[in-house]
Amino acid sequence: MKSYYFYAAILTALLLSTAGCDKAVPQKAEPEVVPSDIRLTCSWPSSSNVDSVITEYTTEVVQVGDLFMLKSTGIGKVHTGYLGPCNLPAAAKKNGLAVKVSGYLVTFPDIAEKDLAADPFELTLVEYIR
């Protein structure tokens with residue numbers, strides 16, 4: 001009879017110790033930065049806006065280390081010579097791939113003071129050229 005009380009006490013202690021444990025439900029975190037322009041969907045710095053809309057621009061994907069950028073010759077507002085798309089699809093991440101893109105050239109306060117490898121760009125359309 002002693003063992004019955006012993007096991008009952010152990011079982012009760014285990015049940016009571018786990019009753020207070022709630023697993024944290026992961027919450028969808030809001031992005032730390034929210035662009036001002038509602039057309040933008042990537043996490044850009046606060047007060048980001050669309051500077052220019054680029055449509056059907058034929059270019060080439062360039063890989064520099066882990067970064068994938070788009071060559072941008074002939075676009076006057078692009079200061080680095082490259083577009084840095086925030087939402088480049090995985091299928092487009094191939095050095096030398098020819099693509100036709102449309103999207104938004106993005107600007108934000110103090111952009112001139114940033115050391116950017118490519119001008120901020122958000123794709124709205126990408127076509128693969130064969």
Side-chain angles (χ1 to χ4, degrees):
M1 191 73 171
K2 262 186 170 180
S3 64
Y4 171 75
Y5 289 118
F6 176 73
Y7 290 119
I10 295 288
L11 183 60
T12 303
L14 285 174
L15 289 174
L16 290 175
S17 68
T18 60
C21 295
D22 291 331
K23 293 202 179 216
V25 178
Q27 300 292 322
K28 183 178 179 184
E30 291 295 318
E32 291 180 15
V33 288
V34 179
S36 297
D37 197 312
I38 60 170
R39 295 175 286 182
L40 300 175
T41 59
C42 292
S43 293
W44 296 108
S46 297
S47 302
S48 295
N49 289 299
V50 172
D51 181 72
S52 303
V53 178
I54 297 172
T55 56
E56 297 185 359
Y57 179 70
T58 303
T59 185
E60 179 181 335
V61 176
V62 177
Q63 182 178 4
V64 179
D66 292 339
L67 297 175
F68 289 89
M69 301 178 282
L70 304 171
K71 283 186 181 179
S72 60
T73 54
I75 301 175
K77 291 193 174 192
V78 176
H79 305 290
T80 62
Y82 296 96
L83 298 171
C86 62
N87 55 346
L88 188 65
K93 292 182 177 180
K94 296 177 183 161
N95 192 37
L97 179 68
V99 291
K100 185 185 292 186
V101 297
S102 295
Y104 305 124
L105 189 60
V106 178
T107 189
F108 50 86
D110 303 326
I111 192 170
E113 297 171 10
K114 304 286 184 190
D115 185 24
L116 300 174
D119 286 66
F121 185 68
E122 187 164 320
L123 288 168
T124 57
L125 178 72
V126 61
E127 279 182 45
Y128 303 101
I129 300 172
R130 299 197 171 147

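Values below: all heavy atoms of this structure, side chains included; hydrogens, waters and symmetry mates excluded.
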Point-to-point distance, once rounded to the nearest 0.5 Å, from [atom1] of [X] to [atom2] of [Y]:
X      : Y      : atom1 : atom2 : answer
Thr58  : Ile129 : OG1   : CD1   : 4.5 Å
Phe121 : Cys86  : CZ    : SG    : 9.0 Å
Leu97  : Thr59  : CG    : OG1   : 10.0 Å
Leu125 : Tyr57  : CG    : OH    : 15.5 Å
Thr107 : Asp37  : OG1   : CG    : 11.5 Å

[X] side chain vs [Y] backbone, donor-acceptor pair below 3.5 Å:
X      : Y      : result
Ser102 : Thr124 : no
Glu122 : Thr41  : yes
Gln63  : Gly65  : yes
Asp119 : Thr80  : yes
Asn49  : Ser47  : yes

Below 4.5 Å, heavy atoms only, C-beta onward: do [X] and [Y] meet side chain to side chain?
X      : Y      : result
Pro89  : Leu123 : yes
Pro120 : Phe108 : yes
Arg39  : Val53  : yes
Lys94  : Val61  : no

Would [X] and [Y] show up in the same hydrophobic cluster when neighbours are defined by side-chain heavy atoms closer than 4.5 Å?
X      : Y      : value
Leu105 : Leu88  : yes
Phe68  : Val106 : no
Tyr82  : Ile54  : no
Ile75  : Val101 : yes

Might you point out which heavy atoms bring [X] and [Y] nearest each other, and give the distance in Å?
X      : Y     : result
Gly84  : Trp44 : O-CH2, 4.4 Å
Ala117 : Leu67 : CB-CD1, 4.4 Å
Pro109 : Ser46 : CD-O, 3.8 Å

Report the residues that fulfil salt bridge (Lys or Arg N to Asp or Glu O under 4.0 Å) with Glu60, sequence neighbours left out, ordered by chain and then residue number.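 Applying salt bridge (Lys or Arg N to Asp or Glu O under 4.0 Å) to Glu60 gives Lys71.
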